[in-house]
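Structure record follows, encoded as structure tokens.
Predicted model, so just to flag it, every value in this text is computed and none were measured. Sequence lines set the chain letters: A, B, ... in the order given, protein chains first and strands last, and positions in each chain run from 1.
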Amino acid sequence: MQPETANISVDDADLVEQCRQGDSEATERLILKYQNRIYNAVLKICGNTDDAAELTQDTFVKIIENIDKFESRSSFYTWAFRIAVNLTLNYCQRSSRLRFRSLDAEESEHDAQTKQVLKTYLTDDASPDPAAVAQNKELCEMVVKALARLDDEQRAVVVLRDIEGMNYSQIAEVLETELGTVKSRLSRARGELREVMEAICNDG
Amino acid sequence: MTDNLNIDELLNGLIDGELNAREETEVQRLIAHDERVAQRLRELQNCKVLVGSLPCAEAPAGMAEQIKASLGRSAPIVQPPLRIEQVGAMHLLLRKVAAVAAMVGLVAVLGAVVYTIVSSDSDTERPVAVKDWERPVGELKTVKPEVRVAAVTEKRALKPAPAEMEFTGRLELETKELAIVEASINRAIEDNRLLERISPERHGNDRVYTINCGSEALRLLLADLDNIWQKFDSARLVVETDRVGEQVVVESVGTGQVIEIVKQDSLAARIAVARDFAVLNKMEELSPGKEMFAAIDDAQADLTVIPKPVLTSSEKAMKERSSQPEEGQRVHLIILLVEHQ
């Protein structure tokens with residue numbers, strides 16, 4: 001899912017300007033345009049649908065309340081995601097204990113067959129078929145759990161790159177960090193993610 | 001370990017298309033020559049595909065409505081602040097317009113003042129207080145506007161232009177306390193030994209003093225009159241110019257201003273100073289607070305306050321006064337003292 005950043009920027013500039021001038025229709029269009037993408041990224045980072053819905057809502061409230069402060073030096077797209085990711089990471093930090101306990105309780109629910117499928121994908125020279133992966137709900141849950149085992153910041157980098165499809169520069173803007181930090185964090189995150197998935201496959 | 005991390009970074013960069021041409025060439029060569037690096041690349045690629053293949057979750061239905069509801073609870077969306085901003089802008093605009101109108105009004109008032117002064121110099125038909133030098137003093141009582149115009153017209157034909165060094169003018173004073181003021185003037189004339197140079201005449205209730213003396217003698221006389229100056233309801237000095245029939249009229253003139261005008265050593269300087277005082281006094285008259293002019297008066301104390309001679313003994317005073325009246329410019333001044341009705 002690669003974002004069409006060029007088109008988004010052009011449209012966003014108009015919508016943001018109309019939104020600033022109190023156009024409620026433009027505000028609604030801005031929400032509808034980004035709500036699914038932000039909700040999806042937030043959900044993959046925080047791991048809970050209710051919390052993701054609430055965080056997404058808080059994100060848009062904050063976006064609209066602060067729309068006058070938005071400077072056109074960055075794109076609205078990265079600015080909006082910065083707000084969403086900051087809110088989500090703050091939330092994850094506050095509720096980390098509860099989240100890990102929940103993951104431990106669900107650890108042993110996957111069947112052996114799905115674990116074998118995952119192990120095959122990890123070791124096979126051939127690349128996995130994305131459609132087949134998406135249709136395998138059990139497999140997806142295992143990948144999500146593996147993601148949840150990463151540090152919050154590593155998970156955020158992987159989500160922004162592999163799920164939201166941002167390039168390194170955009171990720172650096174969203175996380176307000178250096179490009180080199182993004183590269184090293186993503187490299188470590190993918191390495192650890194693979195190890196976690198292998199551990200899930202080999203467990204029990 | 002560090003090498004592995006660096007290789008992982010390069011491999012991830014290759015997977016994500018973030019390497020430059022040189023880096024990409026280097027990594028491709030590394031992959032081609034090292035099977036372990038090639039294997040690691042495939043592992044990382046598969047990991048990326050697994051994460052990227054996760055289905056996209058959609059936001060719960062009614063998210064937009066909930067957001068708008070939240071915005072309504074926390075703060076009115078954007079329009080109310082905009083309305084407040086518009087009202088504020090309107091107030092600001094009105095204030096700007098009011099300020100501009102006030103400025104225009106002030107400029108108009110100042111312009112009118114300046115025009116009044118300037119036109120008094122050029123408009124020969126303007127009614128002014130002018131003495132007809134050639135007429136009997138008794139006719140001076142006809143100080144009505146229409147009569148004054150006639151007097152000016154007539155004077156043009158009769159009176160020659162004043163000499164460059166000689167001051168010629170007229171001081172018109174009005175008072176309700178005529179007897180007290182007259183006594184004070186007479187005493188001042190006597191004290192300054194100017195009886196020979198001043199010829200007082202009485203015409204009904206009016207008094208006319210024709211003064212021919214030096215400017216220093218006049219200064220001493222006016223210094224003595226300074227004490228009673230507040231008893232005058234009006235004091236106006238009419239200064240003759242070099243053009244027949246034209247005068248500069250200084251309203252609300254003070255003794256210091258009279259002296260300052262008289263002591264100028266040329267006619268042009270006298271006229272210029274008289275005009276300045278005329279403008280100054282007119283502006284002071286129009287100014288409600290008069291604070292500005294009080295400050296000006298303070299700054300120009302030498303123009304408005306007459307330094308009186310310090311008397312250490314009666315003999316010295318007599319000696320000084322006997323020698324002073326001839327000093328300074330020649331002055332020909334008519335003082336007209338009338339009772340204020």
Side-chain angles (χ1 to χ4, degrees), chain A residues 1 19-24 27-28 31-32 35-40 43-44 49 52-53 56-58 60-61 64-65 67-68 118 121-125 127-134 137 139-140 143-144 146-147 158-159 161-163 165 167-168 183-184 186-188 190-191 193-194 197, chain B residues 1-2 4-20 23 35 38-86:
Chain A
M1 189 171 61
C19 188
R20 277 175 171 162
Q21 294 179 6
D23 186 340
S24 56
T27 306
E28 190 168 350
I31 294 169
L32 291 173
Q35 63 174 6
N36 286 340
R37 296 173 69 169
I38 287 180
Y39 173 78
N40 185 45
L43 176 61
K44 296 297 190 298
T49 53
T56 303
Q57 192 172 315
D58 290 350
F60 278 106
V61 169
I64 292 162
E65 283 179 344
I67 196 80
D68 286 336
L118 178 58
Y121 282 141
L122 290 174
T123 55
D124 196 357
D125 287 349
S127 182
D129 177 17
V133 173
K137 189 179 176 185
L139 180 63
C140 289
V143 174
V144 168
L147 267 176
V158 171
V159 168
R161 173 61 216 160
D162 294 341
I163 293 175
N167 60 37
Y168 289 4
K183 287 178 184 175
S184 61
L186 183 64
S187 177
R188 286 176 186 275
R190 278 186 182 150
L193 184 63
R194 181 181 164 75
M197 285 194 282
Chain B
M1 181 66 180
T2 308
N4 288 340
L5 286 175
N6 288 339
I7 291 169
D8 269 8
E9 270 190 40
L10 288 170
L11 292 176
N12 280 302
L14 183 69
I15 292 167
D16 295 326
E18 296 276 349
L19 297 181
N20 59 38
E23 289 172 332
E35 179 53 31
Q39 178 61 31
R40 183 64 176 168
L41 177 67
R42 286 191 291 272
E43 288 173 2
L44 292 172
Q45 273 177 328
N46 289 355
C47 191
K48 176 184 166 75
V49 171
L50 281 170
V51 173
S53 300
L54 291 174
C56 287
E58 289 191 358
M63 171 74 76
E65 284 70 26
Q66 287 179 357
I67 292 166
K68 286 161 81 175
S70 295
L71 284 167
R73 281 196 299 273
S74 60
I77 290 187
V78 187
Q79 284 171 335
L82 185 67
R83 200 167 61 232
I84 290 169
E85 193 176 314
Q86 286 171 341

What I'd like to find out is whether the side chain of [X] reaches to under 4.5 Å of the side chain of [Y], using heavy atoms alone.
X	Y	value
A:Leu186	B:Asp16	yes
B:Pro60	A:Tyr39	yes
A:Arg194	B:Lys48	no
A:Leu122	B:Asn46	no

Heavy-atom pair with the smallest gap, counting every atom of B:Cys47 and A:Leu193: SG-CD2, 3.6 Å
Heavy-atom pair of closest approach, residues B:Asp8 and A:Ser187: CB-OG, 3.1 Å
Separation between CG of B:Leu54 and NZ of A:Lys44, rounded to the nearest 0.5 Å: 5.5 Å
Pairwise distance NZ(A:Lys183) to CG(B:Leu19) - rounded to 0.5 angstrom: 7.5 Å
Donor-acceptor contact below 3.5 Å, side chain [X] vs main chain [Y]:
X	Y	value
B:Gln66	A:Gln57	no
A:Asn40	B:Ala57	yes
A:Asn36	B:Glu58	no

Please state whether the side chain, the backbone, both or neither of [X] comes within less than 4.5 Å of a heavy atom of chain B.
X	result
A:Gln35	both
A:Lys137	neither
A:Leu118	side chain
A:Leu147	side chain

Most chain A-contacting option - heavy-atom pairs closer than 4.5 Å, from B:Gly17, B:Gly13, B:Ala38, B:Pro55: B:Pro55
Selection from B:Ile15, B:Leu11, B:Val51 maximising heavy-atom pairs under 4.5 Å formed with chain A: B:Val51
Contacting region of B:Glu18 [heavy-atom separation from chain A under 4.5 Å]: side chain
For chain B, the option from A:Val133, A:Ile38, A:Thr49, A:Val159 that forms the most heavy-atom pairs under 4.5 Å: A:Val133
Winner by heavy-atom pair count (cut-off under 4.5 Å) against chain B, out of A:Ala52, A:Ala134, A:Pro128: A:Pro128
Side chain to side chain contact (heavy atoms under 4.5 Å, CB included) assessment of B:Glu65 paired with A:Glu28: CA-CA 9 Å; B:Glu65 284 70 26; A:Glu28 190 168 350; 4.1 Å; yes
